2 protein chains.
Amino acid sequence: MTLSKTFNALSDPTRQGILELLKKKDMTAGEIGKHFNITLPSLSHHLNILKTADLISGLRQGQTIVYSLNLSVFEEVSKSLIKFFKK
Amino acid sequence: MTLSKTFNALSDPTRQGILELLKKKDMTAGEIGKHFNITLPSLSHHLNILKTADLISGLRQGQTIVYSLNLSVFEEVSKSLIKFFKK
DNA sequence: TAGATATTTAGATAACTGTCTAAATATTAT
DNA sequence: ATAATATTTAGACAGTTATCTAAATATCTA
């Protein structure tokens, strides 16, 4: 995953909001959706971008899909950013 | 400046390249342009986005405009990012 | 097997973005 | 003043993106 892709995934307010929510706890798509004024298909689109950037994972549990942060990737991205800014 | 705006400014490979160059030394638009296969107007567009995001400054010195990193803003953004990822 | 619930996929559309060429502006030198 | 150099601004265009509605898929329950 390139740094550009990651920055792009992070550059949308809705996606940032999704990540902020998932920092607190894992949530289903429906639960996440209640926090934004967009339709579920639009939300699904954002979830897919975050998944493609490897920032989150979705795990089906019965009828719902539970989303969670990929903490290790988060850590890695954080390090890349610090490196980018500090060097 | 919002974090979204900053991420957006950072999400383009050309703009990342410009920042990498300016980390080394201040440069004029023309000097920067030599490192990329885009026209000067396109480059100017990217410089403007970085300026709007407050990541760089341009100072006219006679016939040329010398661009430099806004180091304090860079520092600040770096801290915001760390906070975003760590909390 | 139906029906209900949760989520995604498909397809359309308006807005945004990166790029270009041509023209404009600013400065310097003759 | 005129010409040359450096950079930006204006306007157009193709590709991408965020959004929507409608339909499809997956799971659970009766």
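This one's a predicted model, so the numbers in the text were calculated from it and none came from an experiment. Below, chain A is the first sequence line, B the second, and so on; all start at residue 1.
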Participant: Side-chain N or O of B/Arg60 less than 4.0 angstrom from OP1 or OP2 on D/dT8?
Facilitator: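 It does not, given that no N or O in the side chain of B/Arg60 lies less than 4.0 Å from OP1 or OP2 of D/dT8.
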Participant: Without swapping roles, check the side chain of B/Ser42 against the backbone of B/Ile38 for a donor-acceptor pair under 3.5 Å.
Facilitator: no
Participant: Looking at A/Asp12 and A/Arg15, would you say the former's side chain and the latter's main chain have a donor-acceptor pair under 3.5 Å?
Facilitator: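 Confirmed, A/Asp12 side chain pairs with A/Arg15 backbone.
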Participant: Quickly work out the B/Met27 CE to D/dA6 P distance and round it to whole Å.
Facilitator: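 Atom CE in B/Met27 sits about 14 Å away from atom P in D/dA6.
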Participant: Any sub-3.5 Å donor-acceptor pair from B/Thr64's side-chain atoms to B/Arg60's backbone N or O?
Facilitator: no
Participant: Return the residues of residues 38-49 of chain B meeting this criterion: a heavy atom under 4.0 Å from some atom of DNA chain C. Order them by number, or give none.
Facilitator: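 Under 4.0 Å from DNA chain C: B/Ile38, B/Thr39, B/Pro41, B/Ser42, B/His45, B/His46, B/Ile49.
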Participant: For the backbone of B/Ser11 and the side chain of A/Asn8, can you confirm whether one donor and one acceptor N or O come within less than 3.5 Å of each other?
Facilitator: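 Not at all, since once roles are kept as given, no pair shorter than 3.5 Å links the two residues.
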Participant: Could you tell me whether the phosphate oxygens of C/dA6, OP1 or OP2, come under 4.0 Å of any side-chain nitrogen or oxygen in A/Tyr67?
Facilitator: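 Checking C/dA6 against A/Tyr67, no side-chain N or O comes under 4.0 Å of OP1 or OP2.
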Participant: Is the NZ atom of A/Lys51 crowded by more than 12 outside heavy atoms at less than 6.0 Å?
Facilitator: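 More than 12 heavy atoms, drawn from other residues, nucleotides or ligands, come within 6.0 Å of this atom.
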Participant: Return the value, rounded to whole Å, for the distance between atom CG of B/Asn37 and atom C1' of C/dT19.
Facilitator: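 Going from CG in B/Asn37 over to C1' in C/dT19 covers 13 Å.
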Participant: Measure from CD1 on B/Ile32 to C1' on D/dT8 and round the result to the nearest Å.
Facilitator: 14 Å
Participant: B/Leu50 CG to D/dT7 C1': how many Å, rounded?
Facilitator: 16 Å
Participant: Has the side chain of A/His45 got a donor or acceptor atom that lies under 3.5 Å from a matching backbone atom of A/Pro41?
Facilitator: no
Participant: Expressed as a whole number of angstroms, how long is the span from B/Gln61:CD to D/dT7:P?
Facilitator: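 Checked: the CD to P distance equals 11 Å.
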Participant: What is the distance from CZ of B/Phe36 to C1' of C/dT19, rounded to the nearest Å?
Facilitator: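 Distance, rounded to whole Å: 15 Å.
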Participant: Using modelled atom types and a 3.5 Å cut-off, is there a donor and acceptor pairing between side-chain atoms of A/Asp26 and backbone atoms of A/Ser68?
Facilitator: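 No, because the side chain of A/Asp26 does not come within donor-acceptor range (under 3.5 Å) of the backbone of A/Ser68.
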Participant: List in numerical order all residues of residues 5-14 of chain B for which some heavy atom is under 4.0 Å away from an atom belonging to DNA chain C.
Facilitator: B/Asp12
Participant: If we only count heavy atoms from C-beta on, is the A/Phe7 to B/Gln16 side-chain gap below 4.5 Å?
Facilitator: yes
Participant: Let's test your reading of the model: under 3.5 Å, does the base of C/dT28 pair with the side chain of B/Gln63 as donor and acceptor?
Facilitator: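 Checked by distance alone, the answer is no.
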Participant: Please determine if B/Lys79 and B/Glu76 form a salt bridge, counting it only when a charged side-chain N lies under 4.0 Å from a carboxylate O.
Facilitator: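 The answer is no: the pair does not qualify as a salt bridge.
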